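To start, the structure under review is shown below, and the notes come after it.
Note that the structure is predicted; figures quoted are calculated from it, not measured.
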Amino acid sequence: MNVSRLRKRSTKPVALALVCAVTLLAAAGCGDGRQHSAAPAAPAAPAGSRPSAARGAVVSATPVADLDAHEVVARLTKAGIDPARARFGVRAHRIVYRTLDGTGKPTTASELVALPKTDDRDLPVVSWLHGTEVYRGEVASVHDASPDRTTALLFASTGHAVSAPDYLGLGKGPGIHPYGDPEATVNAAVDALRAARTFAQRDGHDLDERVLVSGFSQGGPATMLVGRALQQGVEQHFRPALLAPIAGPFDLSGFEAAAAADKVARSSLYLAYFVTAWNRMYGLYATTNQAFRAPYDKTVETLFDGDHQASQIAAALPPTSKRLFTEAFLNKVRNPTGTLQRKLRVMDNTCDWRPDVPVRLFHAKGDKDVAFANSLHCQRQLTSHGADQRLTDVGQLDHSTTVLKALPQVVRAFDATR
């Protein structure tokens, strides 16, 4: 979660820039595109979800930003991002496109597509994967002040085409966000790239087949998930070029156990989002009072419907997991068995494979939300497969500031791949 934003903007939409990173990766498997018996196969695509005419089709395109280079620099400076590498003005559109949900059923999702104001026909492409959001109105395609829109402006101003998917159930996507659904994560991100390519061609640009993938917090594991799917050939046109996850919770079992023990700030909110989402997908409890104490058992599920802001949710919950959850359920999180254990194990292994491209990890040892140990966990897994990896400590910074300081370094890493 972006701590400073929650404190300063308690009456405005607030992003959980965070983490639980639950989200993502139930992806996993290990290997360099080869399956290993020690881990489940990556969900590159559910049955019947191979590319078709409808996948990534553009439903609508709405202009949301048109800035010259000076205006982009001003936006970056205001956000606390070094603008030194910004060169171009940027036009951005909200794109609604066709995709599939995690079960392979047709649906739609939205994304922000940002293009540099340049005469260059061929553009390198970035897929930016945002952190945890509880409120559908906070994402880049619909919220002008979203940090993720500012991030898209940064990448586009350096000459990249940017696809920043909102994921399913956020932005203009229907339904409730399937937080933690790996197939839905891959589908939304890959189909967003397809839609971005179609839109860019209409604008007179071709997108490079090599995709530079980066993401913050929840988007860190998502980066590894999408990178693996692209390496495995989920989309014919695109393949990964470099992966740059920032402050990702790669040891999800450890994170959720710490939240259950109230060793994580705002532990009750994080754990409640995780539990309600995973209950929809995996059935963690039969009735709400098995997991939540009264009176919260009557209200907690309704809070995570995508229409409540983070500040509203935080105000409606007790500050600790101990007060929100039953002791029996907390023990289940601390000592998972069965389905929960299996799903968490997959999430803990999102880096347990060998990318064919460099991986540049960024984190801050001062991060109190997502501990630096999470990136060390990822680094160890990558190292065990002989991957080209490097972990950069950006300093004694909090979670929200970590991404601001890492982004210019990500830009430099991306530029070096040209």
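- By the 4.5 Å heavy-atom criterion applied to side chains, F362 and L407 are not counted as neighbours.
- Under the 4.0 Å criterion applied to side-chain N and carboxylate O atoms, D388 and R360 are assigned as salt-bridge partners.
- Looking only at side-chain heavy atoms (C-beta outward), F250 and Q381 stay at 4.5 Å or farther from each other.
- Around NZ of K117, the count of heavy atoms belonging to other residues, nucleotides or ligands within 6.0 Å exceeds 12.
- The distance from the NE2 atom of H205 to the CG atom of L123 is 5.0 Å, given to the nearest 0.5 Å.
- Considering CG of N187 and CZ of R194, their distance stands at 8.5 Å, rounded to 0.5 Å.
- Side-chain contact of S400 with D398: a donor-acceptor pair under 3.5 Å is absent, judged by distance alone.
- Side chain of H237 to backbone of L193: no donor-acceptor contact under 3.5 angstrom is found.
- S157 and V90 get closest at one heavy-atom pair: N-CG2, 3.7 Å.
- Here Q290 contributes atom CD and D297 contributes atom CG; the two are 11.0 Å apart, rounded to the nearest 0.5 Å.
- Residues S253 and D348 have side chains that bring a donor and an acceptor to within less than 3.5 angstrom of each other.
- With hydrogens and angles ignored, the 3.5 Å screen pairs no side-chain donor or acceptor of D66 with any backbone N or O of R91.
- Contact of the L271 side chain with the L330 side chain is registered, since non-hydrogen atoms from C-beta on lie closer than 4.5 Å.
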Quiz item: F329 and V275: side-chain contact (heavy atoms from CB on, under 4.5 Å), yes or no, with the steps?
Solution: CA-CA 10 Å; F329 193 82; V275 167; 3.6 Å; yes

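- Under the side-chain hydrogen bond (donor to acceptor under 3.5 Å, both in side chains) test applied with R239, the options Q231, Q232, E209 reduce to a single match, E209.
- Among all heavy-atom pairs drawn from L168 and T108, the shortest one is CD2-O, 4.3 Å.
- Scanning for side-chain contact (heavy atoms from CB on, under 4.5 Å) contacts around L404 gives I81, with sequence neighbours left out.
- Between the CZ atom of F292 and the OG atom of S321 there is a distance of 10.0 Å, given to the nearest 0.5 Å.
- The backbone N or O of L243 lies less than 3.5 Å from no partner atom in the side chain of T223, so there is not a single donor-acceptor pair.
- Counting only distance, with no hydrogens or angles, the side chain of S214 and the backbone of A244 share a donor-acceptor pair below 3.5 Å.
- No side-chain donor-acceptor contact under 3.5 Å links D262 to the backbone of T320.
- Two residues are said to be in side-chain contact when any heavy atoms from C-beta on lie closer than 4.5 Å; Y273 and H177 meet this criterion.
- Of all heavy-atom pairs between M224 and P245, the closest is SD-CG, 4.1 Å.
- Looking at residues two or more places apart in sequence or on another chain, you find a salt bridge (Lys or Arg N to Asp or Glu O under 4.0 Å) between R75 and D144.
- The shortest side-chain heavy-atom distance between R55 and L100 falls under the 4.5 Å cut-off.
- Side-chain contact check for D101 and T107: no donor-acceptor pair (N or O, by modelled atom type) lies under 3.5 Å.
- Proximity of a side-chain donor or acceptor of D208 to a complementary backbone N or O of V125 within less than 3.5 Å is not detected.
- Scanning both residues, A387 and P355, for their nearest heavy atoms gives CB-CD, 3.9 Å.
- Minimum interatomic distance between T392 and Q409 (heavy atoms only, all atoms of both residues): CG2-OE1, 3.5 Å.
- The distance from atom CG of N374 to atom CG of L361, rounded to the nearest 0.5 Å, is 11.0 Å.
- Between the R94 side chain and the S141 main chain, a donor and an acceptor come within less than 3.5 Å of each other.
- Side-chain rings of F255 and F274 stay apart, their centers remaining 6.0 Å or farther from each other.
- The backbone N or O of A188 lies less than 3.5 Å from a partner atom in the side chain of Y97, making a donor-acceptor pair.
- No donor-acceptor distance shorter than 3.5 angstrom exists from the side chain of Q312 to the backbone of H308, with no hydrogens or angles considered.
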Quiz item: Are K332 and Y285 close enough, and set up right, to give a side-chain contact (heavy atoms from CB on, under 4.5 Å), and what steps lead you there?
Solution: CA-CA 11 Å; K332 182 176 182 177; Y285 51 83; 5.7 Å; no

Self-check item: Full working for side-chain contact (heavy atoms from CB on, under 4.5 Å) between F199 and L115
Solution: CA-CA 10 Å; F199 180 78; L115 299 175; 4.0 Å; yes

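- Side-chain atoms of W278 and L344, non-hydrogen and from C-beta on, do get closer than 4.5 Å to each other.
- Across all their heavy atoms, V370 and H363 have their closest contact at O-NE2, 2.8 Å.
- Side chain of S375 to main chain of F372: no donor-acceptor pair is present (N/O by atom type, distance under 3.5 Å, no hydrogens or angles).
- Between P318 and Y296 there is a side-chain heavy-atom pair separated by less than 4.5 Å.
- With respect to the salt-bridge test (charged N to carboxylate O, under 4.0 angstrom), the residues R266 and D369 qualify.
- Under the 3.5 Å distance criterion, with hydrogens and angles disregarded, a donor-acceptor pair is assigned to the side chains of R342 and T339.
- Rounded to the nearest 0.5 angstrom, D415 CG and T417 OG1 are separated by 7.5 Å.
- Counting heavy atoms from C-beta on, the side chains of R210 and V357 never come closer than 4.5 Å.
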Exercise. Decide yes or no on side-chain contact (heavy atoms from CB on, under 4.5 Å) for T288 and N279, but give the supporting numbers first.
Key: CA-CA 10 Å; T288 54; N279 182 64; over 6 Å; no

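- Applying the 6.0 Å contact sphere to CZ of R334 captures more than 12 heavy atoms from other residues, nucleotides or ligands.
- When ring centroids are compared, H160 and F88 stay outside the 6.0 Å threshold.
- Partners of D305 according to the salt bridge (Lys or Arg N to Asp or Glu O under 4.0 Å) rule, which considers only residues two or more places apart in sequence or in another chain, do not exist here.
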Quiz item: Where do R136 and D166 land on the salt bridge (Lys or Arg N to Asp or Glu O under 4.0 Å) test, with the steps shown first?
Solution: CA-CA 9 Å; R136 69 179 74 253; D166 297 328; over 6 Å; no

